[in-house]
There are 2 protein chains.
Amino acid sequence: MTRRTIEAAVAANHELFLQTSDRVEAVLAEHRLTPATAHALWAIDPDQAAPSMKELAGRLYCNAPNLSFVMNQLTNRGLAERSPDPADRRSRVVALTEEGRRVRSAVIEATVALTPLARLSAEDLEQLVSLLGKALDPGEGPA
Amino acid sequence: MTRRTIEAAVAANHELFLQTSDRVEAVLAEHRLTPATAHALWAIDPDQAAPSMKELAGRLYCNAPNLSFVMNQLTNRGLAERSPDPADRRSRVVALTEEGRRVRSAVIEATVALTPLARLSAEDLEQLVSLLGKALDPGEGPA
DNA sequence: CCGATTACTTCGAGACTCGAAGTACCCCGG
DNA sequence: CCGGGGTACTTCGAGTCTCGAAGTAATCGG
């Protein structure tokens with residue numbers, strides 16, 4: 001009878017997400033970010049290859065028009081830049097500006113400080129990441 | 001240096017939430033539910049005392065006008081009912097109808113079946129619930 | 001009874017999301 | 001070379017969600 005346990009796990013996961021979002025909200029507002037723009041900002045890791053719009057939409061589980069809308073806000077604020085992909089000029093590649101990298105760091109820093117997860121020990125945290133990874137890993141493919 | 005681990009945990013938590021929402025989306029649509037109405041429906045446990053609007057808004061991390069909006073949708077679809085609290089007639093108490101309980105069960109059932117967490121063993125799940133509980137428990141008070 | 005506070009609703013504006021339609025580009029067969 | 005089909009993205013328009021401000025009804029303390 002693991003059904004009850006799964007239900008509890010889903011609920012706890014959702015609750016953690018809501019609590020974290022709630023606590024970070026004020027910090028996002030200081031940077032004039034909304035949940036949607038902050039999410040996109042977080043998803044663009046400057047240490048990785050600049051993603052295309054399509055790639056990024058996949059990461060954010062949103063569709064192309066929505067991502068265009070969100071990216072317009074980030075570019076208008078000078079946090080991100082779009083440039084055509086030389087290899088395929090239909091595609092546009094998204095990268096953060098220096099200001100974008102600064103704001104992204106600040107958002108992550110604040111989230112790490114405010115999330116209820118900050119209470120857990122290093123050991124517990126690694127166990128948690130391992131468990132979540134076990135659930136997510138096999139399914140991260142396209143279908 | 002647990003900072004990186006917390007960041008990974010927050011990201012994994014967020015990712016799991018998005019994947020679960022994404023997979024359940026079609027089931028919600030069949031029941032003519034949106035994420036907001038489904039969330040409210042989930043939060044009203046028929047086995048517990050019927051919550052007031054204020055209590056429910058707290059659970060959902062939303063404000064009063066928003067909850068009124070969402071509850072109107074649920075009551076219009078015949079899934080929930082509002083009745084004045086006899087003890088304090090300013091307050092309204094929310095309960096699910098029989099149809100509401102049916103739909104709620106169906107949504108939870110589908111979520112449990114579709115969430116990536118369903119892949120984990122019973123042992124892993126209990127560990128996960130325990131870890132999440134450890135993070136959430138001390139902070140579930142009002143402030 | 002009266003003023004202050006609380007719970008909720010209504011109203012109006014802003015933000016987010018998405019389907020449909022349009023543009024620019026790649027690729028392939030002829 | 002040229003046309004047709006498919007892909008990546010944007011624009012447009014409509015619908016949904018969220019929230020602050022203002023209004024109503026009820027409780028509480030004096």
Side-chain angles (χ1 to χ4, degrees), chain A residues 14 17-18 21-22 24-26 28-29 31-44 49-77 80-95 142, chain B residues 14 17-18 21-22 24-26 28-29 31-44 49-77 80-95 142:
Chain A
H14 197 159
F17 171 67
L18 291 175
S21 303
D22 186 57
V24 174
E25 189 182 24
L28 297 187
H31 292 286
R32 313 242 312 277
L33 292 173
T34 64
T37 50
H39 187 197
L41 195 62
W42 188 307
I44 305 173
S52 67
M53 295 290 281
K54 180 183 177 63
E55 157 69 15
L56 199 51
R59 286 186 206 171
L60 301 177
Y61 294 87
C62 74
N63 53 17
N66 190 10
L67 183 54
S68 280
F69 175 77
V70 172
M71 286 309 304
N72 279 342
Q73 296 180 160
L74 286 180
T75 55
N76 288 343
R77 295 211 197 299
E81 283 173 342
R82 274 181 278 206
S83 47
D85 181 347
D88 181 348
R89 297 217 321 271
R90 289 172 301 180
S91 199
R92 275 149 191 75
V93 155
V94 179
Chain B
H14 198 158
F17 170 68
L18 291 176
S21 304
D22 186 57
V24 175
E25 189 182 24
L28 297 187
H31 291 286
R32 312 241 314 272
L33 292 174
T34 64
T37 51
H39 187 197
L41 195 63
W42 188 307
I44 305 173
S52 67
M53 295 290 281
K54 181 184 175 62
E55 157 68 15
L56 199 50
R59 287 187 205 169
L60 300 176
Y61 295 86
C62 74
N63 54 16
N66 189 10
L67 183 55
S68 280
F69 174 78
V70 172
M71 285 309 303
N72 281 340
Q73 297 182 157
L74 285 180
T75 56
N76 287 343
R77 297 211 198 297
E81 282 172 342
R82 273 180 279 207
S83 47
D85 181 349
D88 182 347
R89 299 217 318 272
R90 290 172 301 180
S91 201
R92 276 150 192 76
V93 155
V94 179

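In the text below, chain A, chain B and the rest are named by the order of the sequence lines, each starting its count at 1.
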Closest heavy-atom contact between B:Glu55 and B:Pro51?
CG-CB, 3.4 Å

Which atom names give the shortest non-hydrogen contact between B:Arg92 and B:Arg90, and what distance separates them?
NH1-O, 3.0 Å

Interatomic distance, A:Lys54 NZ vs D:dT10 P [rounded to whole Å]:
13 Å

Nucleotide D:dA8, atom C1' - distance to CG of A:Leu67 in whole Å:
12 Å

Any side-chain N or O of B:Asn66 under 4.0 Å from OP1/OP2 of D:dC19?
yes

Once the angle between the rings of A:His39 and B:His14 is folded into 0 to 90°, is it parallel (under 30°), tilted (30 to 60°) or perpendicular (over 60°)?
parallel

Test side-chain contact (heavy atoms from CB on, under 4.5 Å), reference B:Val70, set B:Leu60, B:Thr37, B:Thr75, B:Leu56, output is B:Thr37

Nearest-angstrom distance from the residue atom CG of A:Leu33 to C1' of C:dA15:
14 Å

State the OG-NZ distance between B:Ser91 and B:Lys54, to the nearest 0.5 angstrom.
9.5 Å

Applying a 4.0 Å non-hydrogen cut-off, can you work out what B:Glu55 is touching in the nucleic acid: base, sugar-phosphate, or nothing?
nothing

Whether B:Ser91 contacts C:dT6 is assessed here as follows: a side-chain N or O lying under 4.0 Å from the phosphate OP1 or OP2. Is that the case?
no

From CA spacing to verdict: side-chain contact (heavy atoms from CB on, under 4.5 Å), B:Leu74, B:Met71:
CA-CA 5 Å; B:Leu74 285 180; B:Met71 285 309 303; 4.0 Å; yes

OP1, OP2 of C:dC16 versus side-chain N and O of A:Gln73: anything below 4.0 Å?
yes

Could you check how far CG of B:Leu56 sits from C1' of C:dC8, rounded to whole Å?
13 Å

Nearest-Å distance for atom pair CG/P, residues A:Asp22 and D:dT18
13 Å

Hey, which sits more toward the 5' end of DNA chain C by its nearest nucleotide, B:Met53 or A:Phe69?
B:Met53

Start with the C-alpha distance between B:Asn72 and B:Arg82, add both sets of side-chain angles, then the distance that settles side-chain contact (heavy atoms from CB on, under 4.5 Å), and finish with yes or no.
CA-CA 9 Å; B:Asn72 281 340; B:Arg82 273 180 279 207; 2.3 Å; yes

Over how many whole Å does the gap from A:Arg82 atom CZ to D:dC9 atom C1' extend?
9 Å

Does a nitrogen or oxygen in the side chain of A:Asn63 sit under 4.0 Å from OP1 or OP2 of C:dT17?
no

Which is true for B:Ala64 with a 4.0 Å heavy-atom rule: it touches a base, it touches only sugar-phosphate, or it touches nothing?
base

Closer than 4.0 Å, any side-chain N/O of A:Asn72 to the OP1 or OP2 of D:dT10?
no

Look for any protein N or O under 3.5 Å of an N or O in nucleotides 23-28 of chain C and output each such pair with its distance, or none.
unit_1: C:dC26; atom_1: OP1; unit_2: A:Arg89; atom_2: N; d: 3.3

Where the side chain of B:Thr34 is concerned, which of D:dT16, C:dC16, C:dA7 is the nearest nucleotide?
D:dT16

Per atom distances to the B:Pro65 side chain, the nearest of C:dC18, C:dT9, C:dT17 is C:dT9

Find the distance B:Met71:CE to D:dT18:P and express it as a whole number of Å.
14 Å

